Number of protein chains: 2
Amino acid sequence: MKNESILDKFEESLEDFIPSLSVDCVILGYQNSALHALVLRWKDTNNWSLPGGFVKKAEDLDHSAFRVLKDRTGLDISFLKQLHVFGNKNRRDIPALSTQLKEMNASPKIIQWFQQRFISVTYLALVNPESFIPIPDYLSEACEWLPIKDIPQLYFDHNEMIAKAKEYTATQIKYQPIGLMLLPEKFTMKMLQKLYEVILDKPLDRGNFQKKILKLDILTRHEKQMSGAAHKAPFLYSFNTPKYYEFLERGIGLLS
Amino acid sequence: MKNESILDKFEESLEDFIPSLSVDCVILGYQNSALHALVLRWKDTNNWSLPGGFVKKAEDLDHSAFRVLKDRTGLDISFLKQLHVFGNKNRRDIPALSTQLKEMNASPKIIQWFQQRFISVTYLALVNPESFIPIPDYLSEACEWLPIKDIPQLYFDHNEMIAKAKEYTATQIKYQPIGLMLLPEKFTMKMLQKLYEVILDKPLDRGNFQKKILKLDILTRHEKQMSGAAHKAPFLYSFNTPKYYEFLERGIGLLS
DNA sequence: ACAAAAGTGTTTATAATACACCCATGA
DNA sequence: TCATGGGTGTATTATAAACACTTTTGT
């Protein structure tokens with residue numbers, strides 16, 4: 001489909017959306033011992049943004065986040081958490097965005113839509129990047145996992161959104177188990193510890209970490225991993241999902 | 001000013017507001033050993049709601065919460081915390097509200113405005129009711145502190161908002177000091193403990209509570225209270241504001 | 001003097017921290 | 001056999017929980 005027809009279709013559906021309101025999704029993934037975020041690069045530009053979109057008049061707000069994420073990245077994620085609303089009055093009229101829309105031959109109506117002042121509700125999800133293949137939408141040239149530390153300047157206050165998501169995750173991990181969504185099915189204790197260290201941004205004692213996590217009784221231990229490494233083969237673990245969620249409910253006071 | 005002219009004025013300013021978006025304020029106060037919330041009773045009805053209003057197109061979202069609260073209750077509060085966004089698609093068209101507006105001779109345009117589907121951003125503040133005298137606005141007959149347990153059915157999902165605020169406060173108190181905003185300038189240890197017990201909804205050990213709170217080093221001890229009670233006169237305390245806020249910043253792991 | 005409530009102390013249990021020890025493995 | 005990393009144990013310290021003892025006050 002050509003840009004024009006996509007944009008025409010969007011123009012036709014403008015009436016279905018609530019004006020001035022948007023949703024943006026911060027999707028955090030853990031890969032190569034670093035937190036990554038899923039970001040989009042807009043077609044024919046070097047401009048990046050979070051996957052975002054608009055809220056339909058006849059749609060639950062939460063649902064709009066699922067839909068937008070699916071449409072823009074192909075990711076089908078059912079646990080998106082409302083994080084924060086960004087509502088400064090100057091959240092509007094990004095010149096680079098208008099320029100780009102003009103280059104795409106967008107109609108004045110569409111350009112005007114994007115020049116609105118937007119109030120944006122941010123949603124957060126934690127996922128294992130290996131379980132998802134992002135597919136950029138028509139507006140985007142690329143949809144990539146970038147290490148949080150290497151993320152360029154994004155549109156609007158999207159960098160702030162990622163910072164908030166990171167901070168929120170670091171706070172949550174202290175009171176609730178984290179990892180089920182971020183790690184592969186089976187993992188070693190070392191991998192889990194590294195995840196915690198990355199999120200908390202500080203080293204943890206190996207022995208104590210192991211004891212604490214095991215005492216939570218949310219892990220299932222499997223056979224030994226026959227790794228080709230020159231050391232004792234570690235056990236593989238997986239989360240005991242029911243117990244994990246049980247703990248999520250109670251979840252108070254994990255690590256300090 | 002008569003209803004008509006107020007409504008006329010509102011109708012004129014409708015264009016200044018972002019459609020479909022509202023803010024609602026949960027103001028919690030502590031009084032007579034119970035949490036209270038500030039609620040409005042609409043004129044000539046027995047319908048109650050939280051103080052809420054709309055967001056101006058040229059106004060920061062956070063600022064709209066201050067303004068709305070000031071306009072509707074007279075309360076001038078500078079620390080409102082964004083709590084949650086309520087965005088179900090069926091948040092619209094409360095029959096009782098339309099009926100009431102018709103009885104007030106509101107124009108079709110205004111009635112239509114109130115029949116919109118709204119997405120509402122909830123803000124929270126904790127205050128000492130004795131420091132504020134609520135003044136109902138033109139639309140309201142009363143603006144009262146009601147004990148949370150006695151609050152009737154409110155418009156929309158406002159009861160859910162209060163529940164969320166209460167839950168949030170109970171979680172927060174475990175990791176951050178609470179009380180500076182809720183108690184009078186000077187208070188006894190017993191009063192502070194009772195506040196914690198009410199919010200956490202469980203009894204606390206007197207001796208241990210006193211030790212823990214004092215160890216935080218956020219209180220200043222004053223002279224003895226010369227109460228007319230038949231027992232040892234307790235000390236009066238007040239919060240050491242700088243240290244209190246310092247602790248708010250760090251704030252991890254208070255009570256379990 | 002006594003009841004009531006305040007302030008403080010003691011004991012015990014639990015959890016956090018630091019770190020040491022031994023084991024398994026592949027080079 | 002040795003370096004590396006894995007699993008587990010122990011000693012020390014810090015924190016939490018239960019509750020007992022003493023003090024002050026008005027009646």
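Quantities reported herein were computed from a predicted structural model and do not represent experimental measurements. Below, chain A is the first sequence line, B the second, and so on; all start at residue 1.
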Gap between atoms [atom1] and [atom2], on [X] and [N] respectively (whole Å):
X	N	atom1	atom2	answer
A/Lys215	C/dT17	NZ	P	12 Å
B/Leu192	C/dG7	CG	C1'	16 Å
B/Leu204	C/dA6	CG	P	14 Å
A/Lys194	D/dG6	NZ	P	12 Å
B/Gln210	C/dT8	CD	P	6 Å
B/Leu236	C/dA6	CG	P	12 Å
A/Phe235	C/dA24	CZ	P	11 Å
B/Asp205	C/dT12	CG	C1'	14 Å

*Please answer whether the main-chain N or O of B/Asn47 pairs with a side-chain N or O of B/Thr45 as donor and acceptor at a distance below 3.5 Å.*
yes
*Under 3.5 Å, is there a donor-acceptor pair between the side chain of A/His84 and the main chain of A/Gln82?*
no
_Which residue lies more 5' along DNA chain D, comparing A/His231 with A/Tyr237 via nearest heavy atoms_ = A/His231
_A/Arg72-A/Ser140 side chain donor-acceptor pair, cut-off 3.5 Å_ =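 Note: A/Arg72 and A/Ser140 side chains meet the donor-acceptor criterion.
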_Mind checking if B/Lys211 touches a base, just sugar-phosphate, or nothing, with heavy atoms under 4.0 Å?_
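Result for B/Lys211 = base.
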*Is the B/Phe156 ring parallel, tilted or perpendicular to the B/Phe118 ring (thresholds 30°, 60°)?*
perpendicular
*Spell out yes or no: do the side chain of A/Asn208 and the base of C/dA18 have one donor N/O and one acceptor N/O closer than 3.5 Å?*
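Result: at least one qualifying N/O pair found.
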_For D/dG5, does the base pair up with any side-chain atom of A/Arg206 as donor and acceptor (N or O, under 3.5 Å, distance only)?_
no
*Closest to the B/Arg221 side chain: C/dG7, D/dA17, C/dA16?*
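Closest nucleotide among those given: C/dG7.
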*Sole residue of A/Asn128, A/Leu192, A/Leu195 in side-chain contact (heavy atoms from CB on, under 4.5 Å) with A/Leu182*: A/Leu195
*Would you say C/dC22 has OP1 or OP2 under 4.0 Å from some side-chain N or O of A/Lys232?*
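So the side chain of A/Lys232 is outside the cut-off, no N or O lying under 4.0 Å from OP1 or OP2 of C/dC22.
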